[in-house]
Student: 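Got a structure for you, questions after.
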Amino acid sequence: MKQLTHMMKPLTGLVLFGSLLALAACGGEQQQQQQGAAAPAETQAQKETIVWKLAQTWGTGFPIFGDAVIKMADMVKEMSGGELEIRIDSANKHKAAFGILDMVKAGQYEMGHSASYYWKGKDPSTMFFSTMPFGMIAPEQYAWFYYGGGMDLMKKVYDKHGVYSFPGGNTSNQMGGWFRKEINTLDDLQGLKMRIPGFAGEVLSKLGVVVTNIAPGELYTALDRGTIDALEWVGPSLDLNMGFQKVAPYYYTGWHEPATELQFMVNKEAFDSLPAHLQAILVTAMQYAAYDMYAHSYHESAVNWASIEKEYPDVSIHTFPPEIITEMKRINDELLEESAANDPLFKEVLDSQRAYIKMARKWTEISDYAYLKDNLE
Ligand code: CA
């Protein structure tokens, strides 16, 4: 485990980026040269291919999230010279979108790609490693993961689940959702039927919202037919393809998922049995794919949103009024305190995140926030 702890420390950004770019640019040539140079026979004999299987929550061809997984697997194969190959099974195949943790723990799959807050029902402490309502934004959260103790805490939480967990790509700030009607007062939330999973759902249900979770494939129909009055999904990167803007034109800004981080999982035994150089390659590829997905998500949201005014002029952006936000915050804190009182590890992660945000937000305020506030186009 010494090796893993060592590798969990952040790899120096520039060095990593430089070597990855070099690898991407000339990986093919290097391979050819090596093959052409006739490596010694014993070196070739040692290189047996290890084949792993990865189960993802997402369906086949799922954009952005699925792309991150493919990118990671491609990098591992190329960087390892074919020594480690990761084959991906999507939810269409394994039929267990929310069974990833169990399958990786059992060793049925060596790896998984999902989101840590899906395991909230098994272990509430896992949700901290996705995002928290009113929590950190992506740069703050990545700083917490890699430099602020987050990786160690994630390892501690997942220890009893038989897997190692790693950041798996960030969606950036998620939108508060699509509403068929405008929300002006707390009364407007009474009896409102909304699809919103996770801790945020618990907060809203205390405010009178009838919270449901509906499979992604049925969301549009549910909203269109009025089975639900509102829903949240991700943001423009993935929402517009779903067509929600056609039936619920009030698009609210986010409060509940300020930096949703997906998750790579690796079965402990499988990871520990890998030679050190393949462990290093795997950890590097996961970290690269995670950062890359953050950039990819941001890009897709920007591109999609840029086209919305022209294509759907009825869509308007709203922010929940202060009286609602204040109540959400109050209830959020109350629920967190309740859980922390019964679970020392939950409290440990909560305290760590709270202390980090308190410290880091001061920097965010005088850097990005100050800059944006005065320089919006
Ligand atoms: Ca969401």
Side-chain angles (χ1 to χ4, degrees), residues 56-59 62-68 91 97-98 100 113-121 124 126-138 141 167-180 183 189 192-205 207 209-223 228-245 247-248 250-263 290 293-294 296-298 300-302 304-305 315 317-320 324-325 328 332 335:
Q56 63 179 14
T57 289
W58 337 110
F62 194 94
I64 307 175
F65 298 3
D67 295 337
F98 299 110
I100 310 291
H113 191 250
S114 191
S116 193
Y117 59 7
Y118 291 144
W119 327 124
K120 178 175 78 84
T126 55
M127 67 183 175
F128 291 107
F129 307 105
S130 291
T131 184
M132 293 298 286
F134 304 110
M136 292 179 266
I137 58 170
Q141 191 167 278
N170 205 286
T171 65
S172 79
N173 206 319
Q174 295 206 1
M175 290 296 282
W178 300 90
F179 290 72
R180 292 163 65 96
I183 304 297
L189 294 177
L192 184 98
K193 293 188 289 278
M194 180 170 189
R195 179 270 179 194
I196 179 166
F199 203 66
E202 290 178 37
V203 172
L204 285 187
S205 70
L207 285 171
V209 173
V210 181
V211 172
T212 60
N213 199 357
I214 296 172
E218 295 156 31
L219 283 174
Y220 178 82
T221 312
L223 191 61
I228 50 174
D229 306 305
L231 60 80
E232 76 78 53
W233 181 232
V234 178
S237 59
L238 292 166
D239 288 5
L240 300 190
N241 292 339
M242 304 281 269
F244 304 138
Q245 67 280 5
V247 285
Y250 299 95
Y251 202 20
Y252 276 76
T253 55
W255 59 278
H256 64 309
E257 297 197 41
T260 309
E261 186 69 35
L262 303 182
Q263 171 191 38
M293 198 197 95
Y294 176 39
H296 191 192
S297 299
Y298 212 96
E300 290 296 329
S301 278
N304 286 344
W305 192 249
V315 169
I317 290 290
H318 300 260
T319 294
F320 293 109
I324 293 182
I325 293 285
M328 287 169 168
N332 184 59
L335 291 173

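Counting starts at 1 for both ligands and their atoms, in listed order. No experiment lies behind these values; they were computed from the predicted model shown. Count residues from 1 along the sequence.
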Student: Once you measure the plane-to-plane angle for Tyr294 and Tyr298, does it fall in the parallel (<30°), tilted (30-60°) or perpendicular (>60°) bin?
Tutor: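 Ring orientation, 0 to 90° scale: perpendicular.
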Student: Measure from the Ca ion (ligand 1) to each N, O or S atom of Gln174 and report whether any distance is below 3.0 Å.
Tutor: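 It does: Gln174 brings an N, O or S atom closer than 3.0 Å to the Ca ion (ligand 1).
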Student: Of all N/O/S atoms in Glu232, which lies nearest to the Ca ion (ligand 1)?
Tutor: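 Per the distance ranking, Glu232 contributes OE1 as its closest N/O/S atom to the Ca ion (ligand 1).
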Student: Are side-chain N/O atoms of Gln263 and Tyr118 paired as donor and acceptor at under 3.5 Å?
Tutor: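 The criterion, which ignores hydrogens and geometry beyond distance, is not satisfied for Tyr118 and Gln263.
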Student: Donor-acceptor pair, Gln245 side chain versus Leu240 backbone, under 3.5 Å?
Tutor: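 At least one qualifying donor-acceptor pair exists.
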Student: Please give the atom name: the N, O or S atom of Glu257 nearest to the Ca ion (ligand 1).
Tutor: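 Of the nitrogen, oxygen and sulfur atoms in Glu257, the Ca ion (ligand 1) lies nearest to OE2.
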Student: From Pro197, does some N, O or S atom reach closer than 3.0 Å to the Ca ion (ligand 1)?
Tutor: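 Within the cut-off used here (under 3.0 Å), Pro197 places no N, O or S atom near the Ca ion (ligand 1).
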Student: Is it the case that Thr319 and Thr253 place a side-chain donor and acceptor less than 3.5 Å from each other?
Tutor: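 Per modelled atom types, Thr319 and Thr253 side chains form a pair under 3.5 Å.
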